[in-house]
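Note that the structure is predicted; figures quoted are calculated from it, not measured.
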Amino acid sequence: MSFRPRVDHKISDKDNIYGSFNLFKDPAFEPSNSLCSSYVVPKFGCFTNQISTLINVTYDRILTPTLLNEFRAGFQRLQQPRIQEDNTAIGAAYTGLPGGPYFSQPGYQNNNGLPNTAISGFATIGGATNLPQNRWDNHYQLVDTVTWSKGAHTIKAGIDLLLARSINLITSSGRGAFSVNDANIMSVNGNTHIGSTGDSMADFLLGLSYTSTIGTTAGTVYLNFFGNHLFVQDDWKVTPHLTINYGLRWELDAPVYTPNGTVSRFDLSTQSFLASNTGAFKHLYNYDYNNYAPRVGMSWQPFKTDTTVLKAAAGTFYNTPLLYNQFLTYGTQYPYRIVGTSTSTASTASSINTVSLDAPFAGAATACSYGGQTNCSPSLSPLGVNPNYRTPYITEWSMGVQQAFGKNMVFETTYFGSKGTKLPLSINLNQINVNNLAVGATTTQTMRPYPNFSTVSNQDTRSNSEYHSWQNSLKQTYANGVTFILSYTWGKSIDGGGGIGSGSNSSGSPQNIYNLKAERGLSDFNVAHRVAFSPVAQLPFGKGKPWLQNGLGAAALGGWQVSGIFAFQTGRPFTITDSSSNNSRSFASADRPNIVPGQDPNAGPKTVQQWFNVNAFTLAPTTRFGNAGRNIITGPKFTELDLTLARTFPIYEHLSGQFRAEAFNLLNHPNFLNPLTTGVQYGATGFGAITQANTPRDLQFSLRLLF
């Protein structure tokens, strides 16, 4: 559903006001969705919705013939609720296991139904462990700009204020989750059958499980930041054929904070969680006042005609915080959300210590909440942020030429470069520096810098990036019934990691936090060469065309249009890791192998069974890191041709119809994805194999009414 009214009103010769309101709702049922679950058994999908609201008001005031003031106010909201299907399909018919309800949050809703249950050899049942959830993102913006025209100068100055508020309800195992695997139960019992039956389903029917997990709370996380930006810019028309633009912005984004005391951060010095609801801090990190962003640009017609234009520009651009993907998890850690796991332990003839469904969550160990504790489990994975976290920024520069050929064709060639500075990167500080140990030495949890905890993630602006490209395009506007764009780009992007919230399958945590320079390599999204061609052509038949202007031929073949997109690009890079993720014994869980001297990892057969040279790798000695770099292998190329054949025909007065025949990947060219999971894990079965591809040829036909 979409609703979009707009109002424009001229108050006087000097005053104008206009505004718009947009409401969009997209409710959906997802029977199998990775964000909710991908289960094959019915009744365990989810109901979702996307509700977008946009309100904008602009007021223009002519102060003098050379002075104009523009004031804009805007509001944007995005809401995305997700509720598990069996909350309504099963609901109160199954209210939960003994001990529920499990949440301490008052008024918690939409959490009825079956626990998530994964039985080895059978399809998973029960609602997804991350549901229910909801999200409200609100943006309030005020912008005031004054424009002054004085001779050859047009000067703009103003202020841009932005308040961003993010409210999130994120659940983790809210109804409980079970993992039933008879082989694991037997293993903890010394390969005997005490407490197990030899069959996972039979174990479950007897009320036995291997692990049970429950999240006892699901607090609502409130995150805010406030941006205060000042700017001034001058467009100086030096001559009729030379224009120079220059300006400066100062951007102060207040550090992320919570107005309701719903986040915590891990303090390294005290090895404890500092909670905002105790008044320990207001902002997650300190202010960064040094955010000056100069801009400069130039446009020059050297031959005093508009057929040739030289352009150049450079500028600095600061990034605003990512409340959802970057800082949300500071509100889902201790003490606001605690997820406990009970695991089967060794049984004896008189004591069966598998997890029993009559008391499914009784055996969860107490997690350590601060350093120096005893008799607790180091299961918590704290999140911290450097108090001197800085504002990330990108510096960009470009230089290019536009050349017109006739009235309808323009060629453009441009060099574009950029450098990212102080980019976010999270590392695990709870890693043992194995370079100080002998080869093959044994390491234990107690040797970690923070032995009472698992992974200790610390977020800081410690990364950087570089990008260089040569961009070319040839464009023809409508001429002889044909319009097209032909483009070619060469590019190379290098950085020091996948960044925060990148979701990359290639760049996870750094292998060795004591040598971050070894993480510098090609960016996950790097594409060396890309060619694209997109034409739109009217077929030369029918009235007003060169051929078959009248009669049956014109009726049958007239009015047809063909369009398409051809795209080719070289592959993206990926990283090889060890199947034994802690071969270094550093507790980094991101180990890479060694490169065999004289072997080229990219010299593989390039087949589905073996894409790269698997013999180029060997396991590094224990307590040592492999020397294989990040993103050193290039994946498969991408080639695709999409084609559309369409015809519009009149029906009655202002009513017409359109027939469309569309083909995606018309040539049915196989476009393979990079190797995933075991395909990039040295030592795993299937190492080097490709297991997924993009969609094959897809045809669709449609008939539309246009009025």
Side-chain angles (χ1 to χ4, degrees), residues 266 325 329 378-384 423-437 439 441 443-445 447-451 453-460 462-465 494-526 572-595 601 612 614 616-633 635 674-684 686-688:
F266 187 70
N325 286 337
T329 46
S379 59
L380 292 182
S381 298
L383 302 171
L423 302 183
L425 184 68
S426 182
I427 65 173
N428 172 23
L429 294 181
N430 209 14
Q431 181 179 346
I432 298 174
N433 190 352
V434 294
N435 292 323
N436 297 328
L437 304 177
V439 175
T443 60
T444 63
Q445 174 71 25
M447 299 171 65
R448 303 180 76 173
Y450 308 99
F453 301 94
S454 182
T455 300
V456 177
S457 299
N458 181 264
Q459 191 174 153
D460 197 0
R462 52 170 59 92
S463 187
N464 57 71
S465 68
I494 299 173
D495 58 38
I500 294 174
S502 66
S504 169
N505 291 319
S506 182
S507 297
S509 302
Q511 177 182 227
N512 180 7
I513 66 168
Y514 304 101
N515 183 19
L516 290 179
K517 290 183 179 179
E519 301 304 308
R520 187 169 175 81
L522 292 175
S523 303
D524 300 345
F525 50 82
N526 180 75
R572 291 185 171 93
F574 58 92
T575 302
I576 301 301
T577 60
D578 283 336
S579 59
S580 174
S581 61
N582 195 31
N583 178 69
S584 64
R585 298 180 181 175
S586 66
F587 293 92
S589 300
D591 292 351
R592 299 194 289 263
N594 274 339
I595 296 290
F612 53 88
V614 297
F617 302 93
T618 185
L619 195 66
T622 53
T623 65
R624 290 297 179 265
F625 296 105
N627 59 20
R630 170 178 159 264
N631 282 345
I632 60 174
I633 299 181
N674 285 355
L676 302 171
T677 58
T678 57
V680 295
Q681 295 175 359
Y682 174 76
F687 179 54

Checklist line | Side-chain (Asn428) to main-chain (Ser509) donor-acceptor, under 3.5 angstrom | finding: no
Item checked: Minimum heavy-atom distance Pro675-Gly688, with the two atoms named -> CG-O, 4.5 Å
Next item on the list: Hey, could you give me the OG1/CG distance between Thr622 and Asn583, rounded to the nearest 0.5 Å?
Entry: 6.5 Å
Item checked: Nearest heavy-atom neighbours spanning Ser454 and Ser381 -> CB-OG, 3.6 Å
Notebook entry, point to check: So among Thr455, Thr443, Val434, which one has a side-chain contact (heavy atoms from CB on, under 4.5 Å) with Phe587?
Noted result: Thr443
Check: Which pair of heavy atoms, one from Ile632 and one from Pro601, lies closest together, and at what distance?
Finding: CD1-CG, 4.2 Å
Item checked: Side-chain donor or acceptor of Asp524 paired with backbone N/O of Gly498 under 3.5 Å -> no
Note to self: Going by salt bridge (charged side-chain N to carboxylate O under 4.0 Å, His left out), name the residues that satisfy it together with Asp495, two or more places apart in sequence or in a different chain.
What the structure shows: Arg630
Notebook entry, point to check: Rounded to the nearest 0.5 Å, how far does CG of Asn436 lie from OG1 of Thr623?
Noted result: 11.0 Å
Notebook entry, point to check: Which heavy atom in Ile576 sits nearest to a heavy atom in Pro593, and how many Å separate them?
Noted result: O-CD, 3.6 Å
Check: Judged by atom type as modelled, is there a donor-acceptor pair below 3.5 Å linking the side chain of Gln431 to the main-chain atoms of Arg448?
Finding: no
Notebook entry, point to check: Does the ring center of Phe625 lie less than 6.0 Å from the ring center of Tyr514?
Noted result: no
Notebook entry, point to check: Nearest 0.5 Å, what's the OH-CD distance between Tyr450 and Gln445?
Noted result: 13.5 Å
Notebook entry, point to check: With no hydrogens and no angle check, is any side-chain donor or acceptor of Arg585 less than 3.5 Å from a backbone partner on Ala441?
Noted result: yes
Next item on the list: Establish, from distance only, whether the side-chain atoms of Arg572 and Asn631 form a donor-acceptor pair under 3.5 Å.
Entry: no
Item checked: Donor-acceptor contact present, side-chain Glu519 to main-chain Gly496, <3.5 Å -> no
Note to self: If we ignore hydrogens and angles and just use 3.5 Å, is the side chain of Asn512 paired with the main-chain N or O of Leu516 as donor and acceptor?
What the structure shows: no
Next item on the list: Take Asn515 and Asn435 through the side-chain contact (heavy atoms from CB on, under 4.5 Å) test and state the conclusion after the steps.
Entry: CA-CA 11 Å; Asn515 183 19; Asn435 292 323; over 6 Å; no
Notebook entry, point to check: Rounded to the nearest 0.5 Å, what separation is found between the CD1 atom of Ile494 and the CZ atom of Arg520?
Noted result: 5.5 Å
Margin query: If you compare all heavy atoms of Ile513 against all heavy atoms of Leu429, which two are closest, and at what distance to 0.1 Å?
Written below: CD1-CA, 3.9 Å
Next item on the list: Report yes or no: does Asp578 contribute a side-chain atom to a donor-acceptor pair with the main-chain N or O of Leu619 at less than 3.5 Å?
Entry: no
Notebook entry, point to check: Are the side chains of Val680 and Ile633 in touch, meaning some heavy atoms are under 4.5 Å apart?
Noted result: no
Notebook entry, point to check: Which heavy atom of Gln511 sits nearest a heavy atom of Ala588, and at what distance?
Noted result: O-CB, 3.5 Å
Next item on the list: Kindly assign one of parallel, tilted or perpendicular to the pair Tyr682 and Phe687, based on the angle between their ring planes and the thresholds 30° and 60°.
Entry: perpendicular
Note to self: A side-chain contact here means heavy atoms from C-beta on lying under 4.5 Å apart; do Pro621 and Asn594 qualify?
What the structure shows: yes
